[in-house]
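It should be emphasised that the depicted structure is a prediction, and the values quoted were computed from it without experimental measurement. Just the heavy atoms: all of them, side chains too, but no hydrogens, waters or symmetry mates, feed the values below. Proteins come first, then strands; the chains are lettered A, B, ... in the order of their sequence lines, and each starts at number 1.
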Amino acid sequence: MLHADLDAFYASVEQLLDPSLKGRPTAVGTGVVLAASYEARSFGVSAGMPAWRARQLCGHLRFVPGHFREYQRLGDQVVDLFSDYTPLVERISIDEAFLDVAGAGRLFGSPTEIAAALRRRVREEVGLPLSVGVARTKHLAKVASQVAKPDGLVVVAPESEREFLHGLPVSLVWGIGPKSQANLARVGIKTVGELAEAPGNVLERLFGRAIGEKMASLATNIDPRQVGHQRAASSIGAQAALGRQRPTGDLLRSTLGYLADRVASRLRAAERAARTVTVRVRFPGMRAVTRSTTLAVPVDTTLTLTEIATELACTALAQNRSEKEVTLLAVSASRLVAPSLQLALGLCRPSAPAGRDASAGTVLAARWALDHSVDAVRAKFGRGAVGYAAPTLSSAARVPEAFRELAEH
DNA sequence: TCTGGGGTCCTAGGACCC
DNA sequence: TCTGGGGTCCTAGGACCC
């Protein structure tokens, strides 16, 4: 099993596109660091950091806004190259993938030889540094590639798995983030070896049953996962950071309209409709609340989704009146099912011949027709041709569309 | 002067049903 | 009148990943 991971991907691409950045501390992003080159990391700059903080740490940091379409193109090019060696490629994100090369030995050599070939070809043909981990299982291969970074190759032989894992920090285990790391440190567990020796009931008490069991199995290296293919998404969402703003009617209308439009058009493109709609509102200080509702009639219509999202947001705000400003709004659609206009119309008019329900059905049919016209125009002339044009939204559109599209898996 | 955008999975508690 | 156990669905929150 191989895990291949492009190093500091966005930043490496920028250094490739603009050679004057090569060897220099480089960060991609505008208000926040989306990716930092290894030169920048040596100053303590890391992804997720506010830009002002990054500049504080590294005065001569070069900040670039990002070439998001190039990331997609080059990421695809690299993954295409992987499939020269095996059809069993599981892409996890734009810049990393698992490769099952168990059956490729006859043609291309041992896993270690294939890993070396991948690194050489990605460097020569694409121009990017690639780290690769080689091991018996997915989890171990992933840990190995993290250890290999930057621009390295780490092979874990089956007989030295325990030894390899033993001294590593628990944060390298997949699923152990900052909070879990802190919780484990509190009971004296810092390394994977210590985690493996911890009694099951301790982990269960700290993290609950499922996660406790998973941690134990990863630490003791029982990892049955195979390389699979992509599953269909189980939710579709969109969010917009707003800085600090008072939640006026105008702000809610424009932002939720824009977000609902993004979500609903993606639902329609995927031929899905959502039974559950969730809205998230974040306040200064990062505290966030969510409100959700599950519908009898699945929704994929922009205006209907906008109305539902607005109601949910108003509920959340009404229940948090002490908060005077919001910093983020998000709309998410889940419990996805096949869309059915017939079902929707049928449920809208059970028996009433001329009452409210019948007119609700008419409204729905009109909205359905409107959405499909909008989708058709956009398919022909592009997203900005009609509808909620991002540029008219001062706050929601601070992020380029291309970045949003890149983040959609 | 408190950090982007897009996701997954887990847990707890309540409602409801048998 | 109060009691038991189990299952499903839903809401809200949180941790984590790229």
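- In this structure, of dC2(B), dT11(C), dG6(B), it is dT11(C) that holds the atom nearest to the side chain of T293(A).
- Among the atoms of the strands shown, only primed sugar atoms or phosphate atoms (P, OP1, OP2) are found under 4.0 Å from some heavy atom of I236(A).
- When distances are taken from the side chain of T294(A) to each of dC16(C), dG6(B), dC10(C), the shortest belongs to dC10(C).
- Two residues, A233(A) and M286(A), neighbour DNA chain B, and the one matched to the more 5' nucleotide by heavy-atom proximity is M286(A).
- Separating the CD atom of E408(A) from the C1' atom of dG6(B) is a distance of 8 Å, rounded to the nearest angstrom.
- Toward the 5' end of DNA chain C, the nearer of the two residues V173(A) and Q319(A), judged by each one's closest nucleotide, is Q319(A).
- A donor-acceptor pair shorter than 3.5 Å can be found between the side chains of S131(A) and D7(A).
- The closest side-chain heavy-atom distance from E161(A) to T137(A) is not below 4.5 Å.
- Across all strands, A51(A) comes closer than 4.0 Å to no nucleic acid atom at all (heavy-atom distances).
- For the pair N183(A) CG and dT11(B) P, the computed distance is 15 Å after rounding to whole Å.
- For A407(A), counting side-chain heavy atoms from C-beta on, the closest listed nucleotide (dC18(C), dG6(B), dG4(B)) is dG6(B).
- Using a 3.5 Å distance cut-off with no hydrogens or angles, the side chains of Q239(A) and R282(A) do not pair a donor with an acceptor.
- Considering only side-chain N and O atoms, S292(A) lies under 4.0 angstrom from the phosphate OP1 or OP2 of dA12(C).
- Using a 4.0 Å heavy-atom cutoff across all strands shown, G48(A) reaches at least one base atom of the nucleic acid.
- dC18(C) and dT3(B): their P atoms are spaced 23 Å apart (whole Å).
- Rounded to an integer number of Å, the gap from R282(A) CZ to dA12(C) C1' is 18 Å.
- Comparing dA12(C), dC18(C), dG4(B) by their nearest atom to the side chain of L34(A) picks out dG4(B).
- Look at R62(A) and E14(A) and you find no salt bridge, because none of the NZ, NE, NH1 or NH2 atoms lies under 4.0 Å from a carboxylate O.
- L406(A) comes within 4.0 angstrom of no nucleic acid atom, judged by non-hydrogen atoms across all strands.
- OP1 and OP2 of dG6(B) both lie 4.0 Å or more from every side-chain N or O belonging to S332(A).
- In this structure, the nucleotide among dG6(B), dA15(C), dA12(C) sitting nearest to the side chain of Q239(A) is dG6(B).
- Comparing atom distances between the R404(A) side chain and each of dC16(C), dG6(B), dT3(B) picks out dG6(B) as nearest.
- Residues F43(A) and Q56(A) have side chains not in contact (no heavy-atom distance under 4.5 Å, counting atoms from C-beta outward).
- Comparing G31(A) and S234(A) along DNA chain B, the residue whose closest nucleotide (by nearest heavy atom) sits nearer the 5' end is G31(A).
- Counting any heavy atom pair closer than 4.0 Å across all strands shown, A47(A) reaches no nucleic acid atom.
- The nearest whole Å value for the distance from the NZ atom in K149(A) to the P atom in dC18(C) is 10 Å.
- Residue P178(A) is classed as a sugar-phosphate contact, given heavy-atom separations below 4.0 Å to backbone atoms only.
- Closest to the A241(A) side chain, of the nucleotides dG5(B), dC18(C), dC10(C), is dG5(B).
- Taking only side-chain nitrogens and oxygens, R91(A) never comes nearer than 4.0 Å to OP1 or OP2 of dC18(C).
- Residue S180(A) has no polar side-chain atom (N or O) positioned under 4.0 Å from OP1 or OP2 of dA15(C).
- For the pair E204(A) CD and dC10(B) C1', the computed distance is 13 Å after rounding to whole Å.
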For this session: For salt bridge (charged side-chain N to carboxylate O under 4.0 Å, His left out), just list the numbers for K138(A) and D100(A), CA-CA rounded to whole Å, side-chain angles, deciding distance to a tenth of an Å, and then say yes or no.
Result: CA-CA 9 Å; K138(A) 283 173 97 169; D100(A) 185 341; over 6 Å; no

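- Using a 4.0 Å cut-off between a side-chain N of Lys or Arg and a carboxylate O of Asp or Glu, R69(A) and E405(A) qualify as a salt bridge.
- Distances shorter than 4.0 Å separate some side-chain N or O of K142(A) from OP1 or OP2 on dC18(C).
- Pair check for dG13(B) finds dC10(C); Watson-Crick or G-U wobble, both atom distances under 3.5 Å.
- Put simply, CZ on F403(A) is 8 Å from P on dG6(B), counting in whole angstrom units.
- Among the heavy atoms of the strands lying under 4.0 Å from R291(A) are primed sugar atoms or P, OP1, OP2 only; no base atom is included.
- Closest to the P50(A) side chain, of the nucleotides dT3(B), dC10(C), dA15(C), is dT3(B).
- Residue-level contact check: V289(A) touches the backbone only, with heavy atoms under 4.0 Å from sugar-phosphate atoms and none from bases.
- Using a 4.0 Å heavy-atom criterion, one finds that G285(A) contacts the bases of the nucleic acid, with or without backbone contacts as well.
- Closest contact between the side chain of D95(A) and the listed nucleotides dC10(C), dC18(C), dT8(B) involves dC18(C).
- For dA12(C), neither phosphate oxygen OP1 nor OP2 lies less than 4.0 angstrom from any side-chain nitrogen or oxygen of R280(A).
- E405(A) places its CD atom 10 Å from the P atom of dG6(B), with the value rounded to the nearest Å.
- Put simply, T327(A) has no side-chain N or O that comes within less than 4.0 Å of OP1 or OP2 on dC2(B).
- The pair D261(A)-R378(A) counts as a salt bridge, with a side-chain nitrogen and a carboxylate oxygen less than 4.0 angstrom apart.
- Under 4.0 angstrom from either OP1 or OP2 of dT3(B) there lies no side-chain N or O belonging to R287(A).
- Checking dC10(C), dT3(B), dG5(B) against every side-chain atom of V32(A), the shortest atom distance belongs to dT3(B).
- When the P atom of dC17(C) is taken as reference, atom CZ of F98(A) falls 13 Å away, rounded to whole Å.
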